[in-house]
Amino acid sequence: MKVEMQTKKRILSGVQPTGDLHIGNWLGAINNWVTLQEQYETFLCVVDLHAITTAYDPKELSKNTLSTAALYVACGIDPKECSIFVQSQISAHSELCWILNCMTPINWMERMIQFKEKSIQQGNNVSIGLFDYPILMAADILLYDADFVPVGEDQKQHLELARDIAQQRINAKFSKNKNILKIPQPIIMKNGSKIMSLIDGSKKMSKSDPNEGSSINLLDTPEIITKKIKRAKSDSYIGIEFNNPERAESRNLLMIYSILSGKEISQCENEFSETGWGTFKKLITEQVIESLSPIQEKYKVLINDPHQLNNILIEGKERADDLAKKTLKRVKSKLGFFEMGK
Ligand code: AQP
C-alpha cells in the first residue's frame with residue numbers, strides 16, 4: 001500500500017461547506033474526483049475556512065462541513081484510498097496563507113474575476129477574506145505538493161495564481177537550486193461541465209443563490225426535484241437543442257441529461273429533436289431521481305453513523321497533517337524563520 005501511494009502523482013481539491021451541495025458540485029467536481037481517485041493519490045478537503053469569506057450562519061457551518069464530507073463518500077469517494085479532511089483542522093493552511101499573503105503583490109489579486117463577481121453580490125459587506133480567497137486556495141494546494149489540481153473553467157485563474165506565487169515569489173526568490181514548492185498543473189476535465197441555474201441558463205448553479213428553485217440539490221427528495229424541474233425556465237421552441245446560442249436553458253438541461261444517462265450529446269439531440277418541453281422535463285426528472293437515489297441512500301447510512309464519519313475524518317487529517325507540516329517547515333526554514341534548537 002505504502003509503495004503504491006508514493007509512486008502515484010498527487011491531486012488535491014475541495015468544496016466549500018456553504019450550503020446544500022448541488023448537481024453542479026457533483027458533476028463539475030466530485031464526480032471527476034471519483035474517476036481520478038484510482039490513478040492519483042487523492043487529498044480532498046472540506047474547505048470550511050473558505051466558507052466564512054462570505055456571510056454565513058455559525059449554526060450551520062459545522063453541520064454543512066460534516067454533510068459535505070459524507071457526500072464525498074456517498075458520491076463514490078473511497079476513504080480507504082483518499083484522504084478526506086477538514087481544512088480548519090490543519091492550522092498550516094492559515095499559516096502558509098499568511099506567508100503567501102506577504103509575498104504576493106496586491107495588483108495580482110486585483111485581477112481575480114471571481115472576487116469581482118462575488119463582491120458585487122456582497123454589496124457593502126465585502127471582507128478581506130473574500131479578497132484573500134485565492135491565496136488561501138494557493139496555500140491549500142501548495143501545502144500538499146500537489147502535482148495536479150482538477151479544475152473547472154471558473155477556477156483556472158486561481159490555479160494560475162497559485163503557480164505564479166510558488167514559482168515567482170517563493171522558489172525564484174528564496175532558493176537558487178531546488179524548488180521549495182512544487183508547481184501544480186491543472187487537470188482540465190473532459191466532463192468538467194459548468195451546470196447552469198434552472199431559472200437562468202446564463203448563470204452558474206450556485207449554493208449561495210437565494211432562489212431555491214435555481215438548483216437541484218443532491219439531497220432533494222423526488223417531490224422537490226419534480227417541482228423544481230417543472231418550474232425550470234423553458235422556451236417556446238419545439239425540440240431540445242444543445243448548440244443554439246439563444247437556448248441556454250435547453251443546452252443546460254440536455255447536458256445534465258446526457259451526463260446522467262451516459263448518452264452522448266449528439267444522441268440526446270437526435271432523441272429529443274422533436275420532443276416538447278413537457279415530455280422532456282418528465283424524462284429528465286426520472287433520470288435525475290434515479291441517479292441521485294443511490295447517493296441519497298448511502299448518505300443516509302453515513303450521516304447516521306457519526307462514529308464512522310469521524311474515523312474517516314481523523315484518518316484523513318492524520319495523513320494530511322503530516323504532509324502539511326513538512327511543507328510548512330520547509331518553507332519557513334528557507335524564508336529565514338527562527339528555528340528552535342538551531
Ligand atoms: N454550477 C457548477 N457547475 C460545475 N461545477 C461547479 N462547481 C461549483 N458550481 C458548479 C464546482 O464545485 C467545486 C466546489 O465549489 P465550491 O463550493 O468550492 O465553490 P463554488 O465554485 O463557488 O461553488 P458554489 O456552489 O457556487 O458555491 P457558493 O455559492 O458558495 O459560491 C469547484 O470545483 C467548482 O468548480
Side-chain angles (χ1 to χ4, degrees), residues 11-36 42-57 60-61 64-65 67-69 71-72 75 77 84 86-88 93 112-122 126-127 129-130 133-134 136-138 140-141 146 148-159 162 184 186-212 214-220 232 248-249 251-253 255-256 258-260:
I11 58 170
L12 177 123
S13 199
V15 170
Q16 302 181 74
T18 33
D20 297 327
L21 265 60
H22 50 73
I23 57 169
N25 300 126
W26 178 39
L27 301 176
I30 303 171
N31 203 31
N32 294 327
W33 308 341
V34 174
T35 322
L36 296 169
T42 304
F43 281 79
L44 299 172
C45 48
V46 180
V47 286
D48 55 346
L49 292 172
H50 285 271
I52 66 164
T53 56
T54 51
Y56 77 102
D57 180 353
E60 296 293 312
L61 183 61
N64 286 340
T65 299
S67 154
T68 303
L71 276 170
Y72 288 180
C75 288
I77 296 296
I84 301 174
V86 177
Q87 182 192 31
S88 66
H93 287 255
M112 294 297 117
I113 297 162
Q114 185 176 292
F115 173 72
K116 288 181 192 161
E117 287 173 358
K118 286 206 170 175
S119 55
I120 293 169
Q121 294 161 15
Q122 300 298 306
V126 182
S127 70
L130 187 64
Y133 181 115
L136 179 58
M137 181 170 155
D140 300 338
I141 298 165
F148 294 102
V149 182
V151 280
E153 281 299 317
D154 55 336
Q155 293 296 335
K156 263 198 214 159
Q157 193 188 28
H158 288 169
L159 181 64
I187 299 185
I188 310 287
M189 297 300 298
K190 188 167 149 266
N191 285 331
S193 330
K194 194 167 172 186
I195 307 296
M196 311 309 277
S197 158
L198 293 188
I199 52 172
D200 179 354
S202 66
K203 238 174 94 185
K204 186 174 96 121
M205 188 178 283
S206 199
K207 286 184 235 93
S208 52
D209 193 320
N211 190 325
E212 285 184 6
S214 65
S215 65
I216 298 172
N217 298 332
L218 296 182
L219 300 176
D220 278 348
E249 288 76 24
R251 178 190 174 89
N252 188 39
L253 289 188
M255 180 161 69
I256 295 171
S258 153
I259 302 175
L260 295 184

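On a predicted model such as this, the values are computed, not experimentally measured, just so you know. Read the numbers this way: they start at 1 and go in the same order the structure lists the ligands and their atoms.
- By the 4.5 Å heavy-atom criterion applied to side chains, K203 and D209 are counted as neighbours.
- Between I30 and L44 the shortest side-chain heavy-atom distance does not fall below 4.5 Å.
- For the residues Q16, K204, M196, Q155, the heavy atom positioned nearest atom 21 (O) of ligand 1 is part of K204.
- Side-chain contact between V34 and I77 is present, with heavy atoms from C-beta onward closer than 4.5 Å.
- Only the side chain of T18 comes within contact range of ligand 1, with a heavy atom under 4.0 Å; no backbone atom does.
- Among the atoms of D209, none of the N or O lies under 3.5 angstrom from an N or O of ligand 1.
- Of the listed residues (K203, K156, K207), the one carrying the non-hydrogen atom nearest atom 17 (O) of ligand 1 is K207.
- Here A29 has side-chain heavy atoms under 4.0 Å from ligand 1, and that is the only part of it that gets that close.
- Using a 4.5 Å heavy-atom cutoff, the side chains of H50 and M137 are in contact.
- The contact set between ligand 1 and M205, taken as ligand atoms under 4.0 Å from a residue heavy atom, comprises 1 (N), 2 (C), 9 (N).
- Below 4.0 Å from some heavy atom of K118 lie the following atoms of ligand 1, by number and element: 22 (O), 28 (P), 31 (O).
- Under a 4.0 Å criterion applied to the non-hydrogen atoms of G14, ligand 1 contributes the atoms 14 (C).
- Every N/O-N/O distance between V15 and ligand 1 stays at or above 3.5 Å.
- Atoms of ligand 1 found under 4.0 Å from any heavy atom of K194, numbered from 1 in the order shown, are 3 (N), 4 (C).
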For this session: Determine, stepwise, if the pair I195 / N252 fulfils side-chain contact (heavy atoms from CB on, under 4.5 Å).
Result: CA-CA 6 Å; I195 307 296; N252 188 39; 3.9 Å; yes
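- Under the 3.5 Å distance criterion, the side-chain polar atoms of T65 are left unmatched by any main-chain donor or acceptor of P17.
- Residue-ligand proximity: H22 is placed with a non-hydrogen atom under 4.0 Å from ligand 1.
- Close contacts between ligand 1 and N25 involve ligand atoms 7 (N), 8 (C), 9 (N), 12 (O), 14 (C), 15 (O), 23 (O), 25 (O) [criterion: under 4.0 Å to a heavy atom].
- Side-chain atoms of S214 never come within 3.5 Å of backbone atoms of P210 as a donor-acceptor pair (strictly under, hydrogens ignored).
- Side-chain atoms of V46 and Y72, non-hydrogen and from C-beta on, do get closer than 4.5 Å to each other.
- Side-chain contact between T54 and Y133: absent, with no pair of heavy atoms (C-beta onward) separated by less than 4.5 Å.
- Listed by number with element, the atoms of ligand 1 under 4.0 Å from a non-hydrogen atom of G28 are 4 (C), 5 (N).
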